[in-house]
Protein chains: 2
Amino acid sequence: MQTAPAAPVRFVPRETALRTPSAPAAVSTLCSTCHLKDLCLPCGLTGSDVQRLDGLKFARRRVKEGEALYHEGDRFQFVYAVRSGTFKSTLNLKDGREQVTGFQIAGELLGLDGLASGKHASSAIALEDTEICAIPYAHLTELATVSPDLHIAMSRMMSREIVREHGLMMLLGSMNAEQRLAAFLLNVSQRLKARGYSATEFHLRMMRVDIGSYLGMKLETVSRTFTAFQQQGLLKVDKKHVKILDLEGLQAIFDGQVH
Amino acid sequence: MQTAPAAPVRFVPRETALRTPSAPAAVSTLCSTCHLKDLCLPCGLTGSDVQRLDGLKFARRRVKEGEALYHEGDRFQFVYAVRSGTFKSTLNLKDGREQVTGFQIAGELLGLDGLASGKHASSAIALEDTEICAIPYAHLTELATVSPDLHIAMSRMMSREIVREHGLMMLLGSMNAEQRLAAFLLNVSQRLKARGYSATEFHLRMMRVDIGSYLGMKLETVSRTFTAFQQQGLLKVDKKHVKILDLEGLQAIFDGQVH
DNA sequence: CGCAAGGTTGAGATATTTCAATAGGAGTGG
DNA sequence: CCACTCCTATTGAAATATCTCAACCTTGCG
């Protein structure tokens with residue numbers, strides 16, 4: 001994850017997925033030649049299954065910083081795979097605030113929550129300029145009837161999302177501010193590492209208020225907790241730039257060994 | 001949900017699913033004649049698909065109060081459908097406490113989180129004497145390759161679980177104690193109503209500490225909040241027996257209209 | 001009968017929030 | 001290029017919701 005030039009766009013235009021694509025012509029993509037194939041949907045599939053996926057020729061699309069890939073309530077047609085960049089998934093609260101339910105980076109899927117009701121249950125907002133693959137769900141389902149392995153891969157993806165949310169519930173239900181932020185940083189670190197980036201130095205793409213929403217705390221508390229970690233010598237922070245100095249120390253906090 | 005005689009069993013014996021069944025011979029069950037078919041797995045499926053499910057002849061099993069249907073870490077082989085009674089799903093925390101991630105009643109599925117890794121990611125504990133259908137996942141997957149509708153039904157079930165957890169994250173991340181308990185009670189009320197029980201008067205099968213764990217608050221706070229609701233004339237509580245007097249009032253609290 | 005478990009209530013402790021002030025950086029426009 | 005503004009982040013101090021610890025009550029069961 002390297003620094004990207006910040007785009008000025010801050011508003012979130014109402015735009016239905018792929019109806020008004022940012023790029024004039026959609027570029028199609030093959031899973032078999034994708035550098036993310038070991039992290040993304042094709043992970044664990046055999047060559048013939050991946051070739052079947054190739055047959056779908058997923059449309060590629062760019063989503064600029066601040067724009068929405070889809071909004072809560074939009075019709076569910078596609079599952080999306082992040083090719084590059086970072087998204088946040090959000091729910092609209094009744095009082096107008098938003099609740100962040102997750103952050104997605106390269107190789108991760110977006111939109112699986114839309115299947116339940118046929119409408120997206122959350123919005124996906126780009127936190128920087130991004131590129132995604134749009135995977136037509138109907139076609140994917142068709143393929144899954146031919147390939148049991150693909151069916152299993154899809155189910156596993158969804159199950160993984162359930163497990164991820166379990167972990168988050170644990171976090172929100174039973175941990176204090178330091179444990180939550182430690183958990184968050186360790187999680188980011190580990191995901192970046194899996195993608196070949198540094199596990200200890202990175203730019204957070206989201207604002208304090210987003211981290212706070214995700215972790216169930218106020219942005220000021222996030223900021224104070226960063227400062228506290230820095231004072232404990234666990235990391236160095238400068239706004240969005242984080243350098244972790246003591247991964248085990250963070251882990252110990254997460255594990256509740258430090259009070 | 002009517003009052004059941006409380007069983008004395010409180011401990012949780014280590015017992016692998018179906019390896020040492022409580023009942024000597026497993027009774028098999030047909031979806032087509034099940035009174036839960038409109039709530040459970042077959043919901044939305046056509047007659048021929050339901051007949052295919054019938055062919056699997058799901059084993060039925062009783063799980064007594066306090067016993068585990070499966071434990072975190074057990075090998076994942078079955079998805080379970082609750083026929084009667086109530087379960088709680090729990091995660092083990094590193095410090096020995098447990099985090100409740102959900103409560104399941106008749107017609108709801110258990111175990112979908114096990115698919116991700118092939119091991120159950122949570123434990124399922126019976127809160128009263130219960131009966132379940134054990135659905136062999138491998139067979140279900142096989143059937144899904146024949147029937148696209150079944151594939152979709154399964155995916156939808158998982159997606160629904162994701163959406164449910166989204167809601168819980170919203171709760172845990174952004175609501176105060178009164179809103180959380182109101183949300184919980186409204187949810188219980190609505191689920192019981194969908195099963196033909198009273199929406200306003202019911203027995204909670206779980207202890208205060210379980211409700212607290214689920215809602216991310218201490219048992220004393222749960223108790224105090226019940227008392228507060230009673231003083232506001234929203235409901236009457238006597239231990240586990242709850243009678244809701246003002247559903248809209250609870251909804252208003254949930255919606256954050258009352259501070 | 002007496003004990004253990006579950007639930008309620010009170011009072012003080014504490015973590016986090018709220019409100020408010022400050023500062024730095026990025027983009028804008030003259 | 002500089003002044004200006006807006007946005008984000010930081011920090012302090014006071015307010016508050018929830019937790020903690022403790023006592024007490026009720027109930028069911030051995």
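In what follows, every chain begins at residue 1, and chains take the letters A, B, ... in the order their sequences are listed.
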Short heteroatom pairs, N/O only, protein and nucleotides 8-11 of chain C, under 3.5 Å:
from, atom 1, to, atom 2, distance (Å)
C:dT8, OP1, B:R208, NH2, 3.2
C:dT8, OP2, B:R208, NE, 2.8
C:dT8, OP2, B:S223, OG, 2.7
C:dT8, O5', B:S223, OG, 3.0
C:dT9, OP2, B:T227, OG1, 2.5
C:dG10, N7, B:R224, NH1, 2.8
C:dG10, O6, B:R224, NH2, 3.0
C:dA11, N6, B:R224, NH2, 3.3

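Annotation: the span from B:L250 atom CG to B:F229 atom CZ amounts to 6.0 Å, rounded to 0.5 Å.
Within residues 209-218 of chain A, the residues that have a heavy atom under 4.0 Å from DNA chain C are, in order of number, A:G216, A:M217, A:K218.
Rounded to whole Å, the distance from CG on B:L127 to P on C:dG6 is 12 Å. Between B:M207 atom CE and D:dG28 atom C1' there is a gap of 15 Å when expressed in whole angstrom units. The distance between atom CD of B:E65 and atom C1' of C:dA5, rounded to the nearest whole Å, is 13 Å. Summarising the geometry, the separation between NE2 on B:H203 and P on C:dG6 is reported as 17 Å, rounded to the nearest angstrom.
Salt-bridge annotation for B:R195 and B:E108: present, with a side-chain N of the basic residue lying under 4.0 Å from a carboxylate O of the acidic one. A salt bridge links A:E98 and A:K88; the closest N-O separation between the charged side-chain nitrogens and carboxylate oxygens is under 4.0 Å.
The main-chain N or O of A:M217 is never found under 3.5 Å from a side-chain atom of A:R180 such that the two would form a donor-acceptor pair. The closest donor-acceptor contact from the side chain of B:R61 to the backbone of B:E131 lies at 3.5 Å or more, if one exists at all.
Between A:H241 and A:E201, the side chains place a donor N or O and an acceptor N or O closer than 3.5 Å (distance only, hydrogens not considered).
The cationic group of A:K94 lies under 6.0 Å from the six-membered ring centre of B:F254 and within 45° of the ring axis, placing it in a cation-pi geometry.
The minimum heavy-atom distance between A:Q179 and A:I253, with the atom names listed, is CG-O, 3.2 Å.
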